[in-house]
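Here is the structure we will look at.
Numbers restart at 1 for each chain; the letters A, B, ... are given by sequence-line order, proteins then strands. Quantities reported herein were computed from a predicted structural model and do not represent experimental measurements.
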Protein chains: 2
Amino acid sequence: MTSIERTLRADARRNREKIFAAARELFAREGELVQIEEIAAHAGVGIGTVYRHFPTKQALLTEMVRTRFSRFAEIAIECEEMEDPHEAVTCLFRRSAEEVEGDAGFQLAMMGSDQLHWEGIEQEKAAFAAPATRIIDRAVAAGAVREDLTFGDFPMLMCGITSTMYYSPGGAEWRRHLDLILAGLRPGS
Amino acid sequence: MTSIERTLRADARRNREKIFAAARELFAREGELVQIEEIAAHAGVGIGTVYRHFPTKQALLTEMVRTRFSRFAEIAIECEEMEDPHEAVTCLFRRSAEEVEGDAGFQLAMMGSDQLHWEGIEQEKAAFAAPATRIIDRAVAAGAVREDLTFGDFPMLMCGITSTMYYSPGGAEWRRHLDLILAGLRPGS
DNA sequence: ACCTGAACACCGTTCAAGT
DNA sequence: ACCTGAACACCGTTCAAGT
């Protein structure tokens with residue numbers, strides 16, 4: 001709980017949480033198509049209350065992406081514990097992708113994670129980048145992946161996989177995409 | 001020139017062309033952010049005239065994507081002429097990607113090329129699919145790429161590469177993405 | 001036949017009035 | 001302090017009036 005949330009009046013904090021939960025559910029289902037009025041209705045508050053807690057629609061969505069994204073650091077840390085350097089890399093890609101599955105809004109966010117759209121989650125990015133970089137560097141050092149692989153490739157490739165999820169929803173087509181990507185990481189290009 | 005364009009009054013046809021040219025330029029530069037009013041102003045006509053020629057904004061954009069996309073078939077046919085089966089595949093990916101470069105609107109279209117958004121270009125898709133399928137099947141038969149590669153992988157992978165172009169504009173980062181993809185197509189996964 | 005732009009609809013955002 | 005929803009702004013789309 002942040003200090004802002006701590007100092008909120010009890011009813012205001014409940015409202016904030018209801019708005020957040022509604023937004024999360026609807027954003028996951030409908031992506032950027034969610035309307036503020038719909039979120040407000042679903043949360044049982046007026047639109048003005050939504051704007052009191054989140055200055056813009058974008059700010060609300062960013063806040064949700066932040067919480068979702070923070071899971072990535074945990075995943076990376078878990079993958080890092082794997083013995084085999086190559087399996088750790090595979091784990092990093094696969095589990096990150098699975099985390100995005102089923103949340104259209106989060107997928108959109110991941111597609112543009114380099115972009116201005118999603119400023120404000122720098123801290124979460126850094127918390128993920130540290131273990132993820134170690135995983136990739138270790139695999140490079142062990143000769144388990146192509147020697148020019150860097151952490152910077154991760155968001156780029158993730159963007160591609162996520163695009164497949166978003167534009168070919170429901171199916172498991174993205175797993176095929178992932179497999180081809182992983183094949184491309186093998187050493188000796 | 002389609003039969004519809006042929007039967008248009010001379011001034012109407014000129015207007016249609018001006019609208020189309022304006023839309024193409026602005027869509028390439030601004031993507032989906034282009035406003036109809038801006039296109040109309042740039043073409044020197046009223047907004048009503050834009051709607052007379054194209055029933056919706058989406059229809060106008062689809063029409064432009066259609067002309068852009070028709071280049072893909074030509075590219076595929078040229079790539080097919082290459083001696084080396086593997087080089088033909090590389091050519092197909094690289095030149096298709098280059099065709100999309102520098103046109104933000106077209107990139108958006110390619111990202112969702114499987115999707116409803118871009119219905120109405122089936123004919124152009126088929127004209128591209130035929131030579132592209134031959135290129136890929138030939139490379140598979142020659143053992144030049146992984147044996148499970150199919151034409152269906154092309155739009156999926158293109159979607160990924162195009163996402164990198166769109167979300168990391170200007171840079172050549174997408175070429176890195178392409179290189180990793182191509183590496184993933186090598187035989188023996 | 002075709003063109004025009006005022007008017008309408010929709011949705012993000014603001015703010016005066018209420019508790 | 002916080003909540004509410006009518007009102008505003010913006011942009012896609014329509015349609016009555018004009019040539």
Inset, instruction - Taking only Lys NZ, Arg NE, NH1 and NH2, and the carboxylate oxygens of Asp or Glu, determine whether B:Arg66 and B:Glu63 approach each other closer than 4.0 Å. - result: yes

Legend entry - Whole-Å gap separating P (C:dG12) and CD1 (A:Ile19): 15 Å

Inset, instruction - Would you indicate what B:Val34 reaches in the nucleic acid, counting non-hydrogen atoms under 4.0 angstrom: base, sugar-phosphate, or nothing? - result: sugar-phosphate

Legend entry - Nearest-angstrom distance from the residue atom CG of A:Leu33 to P of C:dC10: 16 Å

Legend entry - First of A:Pro55 and B:Ala12 reached from the 5' end of DNA chain C, by closest nucleotide: B:Ala12

Legend entry - Candidates C:dC3, D:dA1, D:dT14 - which lies nearest the side chain of B:Thr49: C:dC3

Inset, instruction - Among the candidates C:dA1, D:dC2, C:dC11, find the nucleotide nearest to the side-chain atoms of A:Asp11. - result: D:dC2

Legend entry - For atom CZ of A:Phe54 and atom C1' of C:dG12, their distance in whole Å: 16 Å

Inset, instruction - Answer yes or no: is there an ion pair linking A:Arg94 with A:Glu98, defined by an N-O contact shorter than 4.0 Å? - result: no

Inset, instruction - Please determine, for C:dA7, whether a Watson-Crick or G-U wobble partner exists with both distances under 3.5 Å, and give it or none. - result: D:dT13

Inset, instruction - Side chain of B:Ile36 only, please: which of C:dC3, D:dT13, D:dA6 is the nearest? - result: D:dT13

Inset, instruction - Tell me whether the OP1 or OP2 atom of D:dC2 has a side-chain N or O from A:Arg52 closer than 4.0 Å. - result: yes

Legend entry - Under-4.0 Å side-chain N/O to phosphate OP1/OP2 contact, A:His53 with D:dC3: yes

Inset, instruction - Would you mind reading off the distance between A:Gln58 atom CD and C:dT13 atom C1', rounded to a whole angstrom? - result: 14 Å

Inset, instruction - Starting at atom CD1 of A:Ile39, determine the distance to atom P of D:dT4, rounded to an integer number of angstrom. - result: 15 Å

Legend entry - Charged N-O contact under 4.0 Å between B:Glu122 and B:Lys125: no

Legend entry - Among D:dA1, C:dT14, D:dT14, the nucleotide that comes nearest once only the side chain of A:Ile47 is considered: C:dT14

Legend entry - B:Glu38 CD - D:dC10 P separation (whole Å): 15 Å

Inset, instruction - Respond yes when some side-chain nitrogen or oxygen of B:Asn15 is under 4.0 Å from OP1 or OP2 of C:dC2, and no when none is. - result: no

Legend entry - Given C:dT4, D:dC2, C:dC2, the nucleotide with the shortest approach to the side chain of B:Val45: C:dT4

Inset, instruction - Round to the nearest Å and state the distance from B:Lys57 atom NZ to D:dC10 atom C1'. - result: 12 Å

Legend entry - Aromatic centroids of A:Phe154 and A:Phe93 separated by under 6.0 Å: yes

Inset, instruction - Starting at atom CZ of B:Arg9, determine the distance to atom P of D:dT19, rounded to an integer number of angstrom. - result: 14 Å

Inset, instruction - Could you check which nucleotide pairs with D:dC2 in any of the strands shown, counting Watson-Crick or G-U wobble with both distances under 3.5 Å? - result: C:dG18

Legend entry - Any B:Tyr51 side-chain nitrogen or oxygen under 4.0 Å from OP1 or OP2 of D:dT14: no

Legend entry - Nearest-0.5 Å distance, CE of residue B:Met165 to OG1 of residue B:Thr162: 5.5 Å

